[in-house]
Amino acid sequence: MKLLLRNAKQLVTCSSAGQPFKRGKEMSEVGELHGADVSIEDGIIKEVGRNLSLANCDVVDVSDKIVIPGFVDPHTHVIFDGSREKEFAMRAGSKSYSEIAANGGGILDTVRATRVAQKSTLRHLAATRIEKMLRWGTTAIEIKSGYGLDFKNEVKLLEAAIELKDEVIPDVAVTFLGAHTVPPEYMDNRAEYLKIVTDELIPYIVEREIANFCDVFCDNGFFSLEETKYILTSAASYGLRLKLHADELTSSGAVMLATELNAVSVDHLENISPDETEALSASNTIGVVLPAVAAYLRSKPAPARELIDKGCAIAIGSDFNPGTSMVDNMQTVMWLAISMNGMTVEEALNSATINAAAAIAMSDRIGSIEVGKRADMLIIDAPDYSYLPYHFTENRITNVVKNGTILEFH
Ligand code: NIG
Ligand code: FE
């Protein structure tokens, strides 16, 4: 299968010049070309330049279009059953996320609905959500477990995620989030649940190869710093790579822990402290900002502007989940990152592509339009790339190219 995109009005590469990601000032540069072609063979980008030739290929004239890399969504909780609009309404009144969670709502509400659902039902629900994401331009995603919270149900969610890979979207990073919250049956015996996570689930998951990453929700009312360290150290000893939900509701010191343990990413950061900002900027851990969450929780946005000015590498994600973000669209996430978190359009674009790919350890293959990378690209009918976050309610994408194939939507 060969494809030639001919004469793009504007082509944005988001190239990171051989580095796995961009940090600080580098994030201002998106790599803009005019009149460029892209040749693709067997799903891989062969050449980017002017007047390319490729024998026996399909040619698409993009002279009135812009072309950008497919979006990567590096943080989602897309597999769940049920919905939580009643909590959304409660928070619009006077209740906080923490109060609702402490009274058995929040994550536990979704756990109740998800535990009784068949794997096939969950897979179907998630596939429908991911197909919508693909239309909005997301060509690779991370998927977390975390609504099972016992052996059988966590494995069910991870297996569903693995099945979605290739069947629905080829590039999926799967994250084990057994430590999302303590399940009700272990409320009075947290240590026992931690043991199930470290001594039963992690070894099984690694042996069956059903997850790439381990994540913990480290926050007041969820897992302490000490418990988080215990779980992540165990996961790392089995070869899982690390992620962390950090500083979402309160400042917990989890960013320090993430940098010490060389986590691939540390996510949320709404309440990051000055010391943690320094540590993050001196590390190779990607800070993943999730702008929709602060909007849903009506809380303080993560200080992305300051983090980038301090030299951090920042990515953005939807955090699609039934509690704190029903946003499935990275164009909306870009708009929020710009309007709420102080990012520039260029920073938001790099954060949603190359840096998001790095946040799931895939930037060697995806995240930018560069020779040798997978051909994941968006062909867009818009005057300029800034149009996407500017008019995010209208989908201007005319074609999604995944692995060198133009996707057909029905
Ligand atoms: O990223 N913080 C933890 N997890 C989700 C919320 C999950 C839920 O409320 O169901 C988040 O915000
Ligand atoms: Fe999350």
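Each ligand, and each atom within it, is numbered from 1 in the order the structure gives. FYI, side chains are in, hydrogens and waters are out, and symmetry mates aren't considered; it's all heavy atoms of this structure. Note that the coordinates shown come from a computational prediction; the quantities given were computed from them, not determined experimentally.
Nearest protein heavy-atom contact of atom 12 (O) of ligand 1 is Thr324 OG1, 2.7 Å. Given atom 1 (O) of ligand 1, the protein heavy atom at minimum distance is Asp319 OD2, 2.6 Å. Of all protein heavy atoms, the one closest to atom 9 (O) of ligand 1 is Tyr97 OH, 2.6 Å. The protein heavy-atom contact nearest to atom 4 (N) of ligand 1 is His180 NE2, 2.9 Å. From the protein, the heavy atom lying nearest to atom 2 (N) of ligand 1 is Glu248 OE1, 2.6 Å.
We find that Arg374 and Asp171 are joined by a salt bridge, their nearest charged nitrogen and carboxylate oxygen being less than 4.0 Å apart. Under a 4.0 Å N-O distance rule, the pair Asp376/Lys402 qualifies as a salt bridge.
Residue His77 approaches ligand 1 through these ligand atoms, each under 4.0 Å from one of its heavy atoms: 1 (O), 4 (N), 5 (C). Applying the 4.0 Å criterion to heavy atoms of His245 picks out, from ligand 1, the atoms 1 (O), 2 (N), 3 (C), 4 (N). Remark: ligand 1 atoms within the under-4.0 Å shell around heavy atoms of Arg84 are 8 (C), 9 (O), 10 (O). Ligand 1 places these atoms under 4.0 Å from at least one heavy atom of Ile107: 7 (C), 8 (C), 9 (O), 10 (O).
The Fe ion (ligand 2) is closest to atom NE2 of His245 (considering only N, O or S atoms). Among the heteroatoms counted here (N, O or S) of Asp319, OD1 is the one nearest to the Fe ion (ligand 2).
Neither the backbone nor the side chain of Phe222 has a heavy atom within less than 4.0 Å of ligand 1.
Tyr387 and Tyr390 have perpendicular rings, their planes meeting at more than 60° on a 0 to 90° scale where under 30° would count as parallel. In this pair, His75 and His245 present their aromatic rings perpendicular. The plane angle is above 60°, beyond the 30 to 60° band.
Distances shorter than 4.0 angstrom occur between a heavy atom of Tyr147 and an atom of ligand 1. For the ligand labelled ligand 1, residue Thr110 lies outside the 4.0 Å heavy-atom shell.
Applying the side-chain contact (heavy atoms from CB on, under 4.5 Å) test between Met256 and each of Asp275, Leu261, Leu225, Val266 identifies Asp275 as the sole match.
Closest heavy-atom contact between Gly146 and Leu149: O-CD2, 3.5 Å.
At distances below 3.5 Å, not a single donor-acceptor pair connects side-chain atoms of Lys152 with backbone N or O atoms of Arg115. Of the possible donor and acceptor atoms, none in the side chain of Thr138 sits under 3.5 Å from a partner among the backbone N and O of Leu134. Looking only at distances, a side-chain donor or acceptor of Asn271 sits under 3.5 Å from a matching main-chain atom of Glu248. No donor-acceptor distance shorter than 3.5 angstrom exists from the side chain of Asn7 to the backbone of Asp61, with no hydrogens or angles considered.
Under 2.8 Å from the Fe ion (ligand 2) lies no N/O/S atom of Glu248, from backbone or side chain alike. Distance check for His77 against the Fe ion (ligand 2): an N/O/S atom falls below 2.8 Å.
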